[in-house]
Amino acid sequence: MSAVTVLNNQATAATDAEPALTDGFQLVIDALKLNGIENLYVVPGIPISDLLRMAQGEGLRVISFRHEQNAGNAAAIAGFLTKKPGVCMTVSAPGFLNGLTALANATTNCFPMILISGSSEREIVDLQQGDYEEMDQLAIAKPLCKAAFRVLHAQDIGIAVARAIRAAVSGRPGGVYLDLPAKLFSQVMDAAEGARSLVKVVDAAPAQLPSPDSVARALEVLKGAKRPLIILGKGAAYAQADEAVRELVEKSGIPFLPMSMAKGLLPDTHPQSAGAARSMVLKDADVVVLVGARLNWLLSHGKGKTWGEPGSKTFIQIDIEPREMDSNVAIVAPLVGDIGSCVSALTAGMAKGWTPPPAEWTGAVSARKEANIAKMAPKLMSNASPMNFHGALGALRRVVQERPEALLVNEGANTLDLARGIIDMHQPRKRLDVGTWGVMGIGMGFAVAAAVESGKPVLAVEGDSAFGFSGMEVETICRYNLPVCIVVFNNNGIYKGTDVNPTGGSDPSPMVFVPDSRYDKMMEAFGGAGVNVTTPDELYRAVSAAMDSGRPTLINAVIDPNAGSESGNIGSLNPTSAVRKGPKT
Ligand code: ADP
Ligand code: MG
């Protein structure tokens, strides 16, 4: 531990006569530092302002946001990128609630994150006597995260932080809430005793080996496959078992399909990638190996038309969470364990005898893929103005191809769906997007943390609607001078910019924004660079320049308001009225 002198104003420097003291503020910081936490994503205020000042003084990087949800999203994605819990700190009640959306989202996405919120006095909160920002935060957080703890005594801070870290990263990762009442921070205790109370977590996410029986069963099933498919999910990306995953794919010769945030785990340009033949492989495969991917809505729950003839599939699933098995359909060969161990066990088993999948299957996949890629190519070359999504994304695809180390943040409806398909990823954990909930609002939080954690340039491709949820953080990006280039696909509205008010009244449709807005001016307001572009060529040049300069930049990309479709490619989830009055667009 560092110097035992406490920094807050009530305490005095240690002398020979008085024992050295520490306090709650200092112990929280010491506990985090001891466990390798380097960055805090925060919004200051009562009762954590001094904590944040002290944390910065002690060498932690404190990134201060304009809204807690963005700070929380930053922490969550930091967790995904680093396998260490991302830490968000907020004030009590409203600040806590704002952070909670991100905590719930982190939990849903299996990202390790710790939300630490200050809270009001227990005695008053529990008797509901009307304290400043009174709220039983622990009770509210509990159902929305993996674990929730409250600390009442300074000597328990070390244990609480250790428990929070373990809960966040062990097994299936997720969000953890840590409630720190205001009074805790100023509690004083003997410094040596305080130092002894801290816990350095050993082996926070232990390897979990699959049972030999389950490996044998999976291999047996896999060997019988005529049309096998490997689906890589973001759990596989998170696991950082990149080499082991590559070995399984390449030694088996099985086509693979990456889920959105697993793109780049193996390059999208890999000969075995079936990304461009997605519909075909999902429909026609007979044995599917799920590697850190859940059979949730993003995979049509493993059933229905997407998956071809009923009963045509046999599933092998690798997951660290035993209860994930059989969640939607029967899993014939469950492999419970960490991705690295499970995948290595399969590869080792294959070394004892393995026949690659029939050329009939791999050839059919390649043929379909090439046909689809060829069909798409001319659309991506479009230099039309106003731009359509394909022309604009074709330009961005080149930018990313030329900078494979850059991180891509992506949200929106059409902007998301089309970018996911069009922009190839070349390295693991470079694509960060709306994840399991398909939630809007992750953009600027993710972009900030991506830059902070990786030190690499970040490209955020944002629908104009999606950008609005976190747009104020452009100030944060400028303040910390982060190498973030934001491209706002501005088509004047939600899905499209062409909806009208059916009554003919002066209020605009709820689906449109101020037409021809200049989002680039927002960045200029804070000293960053703003650029307005109307053609794919201009877009390509502006983004390339921004990425090379590392200067905070916002590019307003003018997209045809008629381009885009309702709810992107998940229009089927948006109920429409059979009796709606007025224009249907
Ligand atoms: P995607 O949306 O990309 O399909 P999901 O978030 O649905 O991915 O699934 C990720 C899965 O990965 C979760 O079921 C989670 O339990 C699992 N997972 C996360 N980390 C690991 C790990 N280290 N080892 C094994 N499974 C993991
Ligand atoms: Mg739009």
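Both counts, for ligands and for their atoms, begin at 1 and track the order of listing. Along the sequence shown, the residues carry numbers beginning at 1.
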Query raised in the report: Is N414 close enough to the Mg ion (ligand 2) to have an N, O or S atom under 2.8 Å?
Result: no

Requested in this report: Say whether N490 and N556, considering side chains only, have a donor N or O and an acceptor N or O under 3.5 Å apart.
Outcome: yes

**Report entry** Which residue and heavy atom of the protein sit nearest atom 20 (N) of ligand 1, plus the separation
**Finding:** Y238 CD2, 3.6 Å

Requested in this report: Check whether any side-chain N or O of R368 sits under 3.5 Å from a backbone N or O of R278 as a donor-acceptor pair, and report yes or no.
Outcome: no

Query raised in the report: Please state which protein non-hydrogen atom is closest to atom 22 (C) of ligand 1 and give its distance, to 0.1 Å?
Result: I339 CG1, 3.6 Å

Requested in this report: Using a 4.0 Å heavy-atom cut-off, say whether C110 meets ligand 1 through its side chain, its backbone, both or neither.
Outcome: side chain

Query raised in the report: Hey, is D242 close enough to R429 for a salt bridge, meaning N to O under 4.0 Å?
Result: yes

Query raised in the report: Does the K496 side chain pair with the main chain of M511, one donor and one acceptor, at a distance under 3.5 Å?
Result: no

Report summary line: atom 9 (O) of ligand 1: of G235, G292, P173, S170, the nearest heavy atom sits on G292

Query - Distance-only side-chain donor-acceptor flag, N109 / T436, under 3.5 Å - result: yes

Query raised in the report: How far is atom 15 (C) of ligand 1 from its nearest protein heavy atom, and which residue and atom name does that atom have?
Result: D319 OD1, 3.5 Å

Query raised in the report: Checking K263 side chain against R420 main chain: does a donor-acceptor pair fall under 3.5 Å?
Result: yes

Report task. Kindly give the heavy-atom pair with the smallest separation between L539 and A395, and that separation in Å. Result -> CD2-CB, 4.3 Å

Requested in this report: Would you kindly say whether N410 and R431 are connected by a side-chain donor-acceptor distance under 3.5 Å?
Outcome: yes

**Report entry** Enumerated ligand 1 atoms positioned under 4.0 Å from heavy atoms of T436
**Finding:** 6 (O)

Query - Nearest neighbour in protein (non-hydrogen) for atom 7 (O) of ligand 1 - result: R294 NE, 2.9 Å

Query - R217 with E220: basic N within carboxylate O range, under 4.0 Å - result: no

Report task. Look only at the side chain of T108 and the backbone of A104, and say whether a donor-acceptor pair between them is shorter than 3.5 Å. Result -> yes

Requested in this report: For atom 27 (C) of ligand 1, state which one of N296, I231, D433, I320 supplies the nearest heavy atom.
Outcome: I320

Query raised in the report: For ligand 1, is A236 a contact, meaning one of its heavy atoms is under 4.0 Å away?
Result: no

**Report entry** Per-atom contacts of ligand 1 with A293, taking only distances under 4.0 Å to non-hydrogen atoms
**Finding:** 4 (O), 8 (O), 9 (O)

Query raised in the report: Counting distance only, does the side-chain N/O of Q317 pair as donor-acceptor with the main-chain N or O of A293 below 3.5 Å?
Result: yes

Report summary line: the protein heavy atom lying closest to atom 2 (O) of ligand 1 turns out to be K234 NZ, 2.8 Å

Query - O (G493) - the Mg ion (ligand 2) - OD1 (D464) angle, nearest 10° - result: 100°

Query - Heavy-atom gap A262 to ligand 1 smaller than 4.0 Å - result: no

Query raised in the report: Which is it for L299 and ligand 1 at heavy atoms under 4.0 Å: side chain, backbone, both or neither?
Result: neither

Query raised in the report: Is R172 in polar range of ligand 1, meaning some N or O pair under 3.5 Å apart?
Result: yes

Report summary line: Note: ligand 1 atoms sitting under 4.0 Å from heavy atoms of G233 are 3 (O)

Query raised in the report: Which ligand 1 atoms are under 4.0 Å away from a heavy-atom of G337?
Result: 24 (N), 25 (C)

Query raised in the report: Can you tell me the protein heavy atom closest to atom 23 (N) of ligand 1 and the distance?
Result: A239 CB, 3.7 Å

Report summary line: Closest heavy-atom pair, S211 versus S214, reported as atoms and distance to 0.1 Å, is O-OG, 2.7 Å

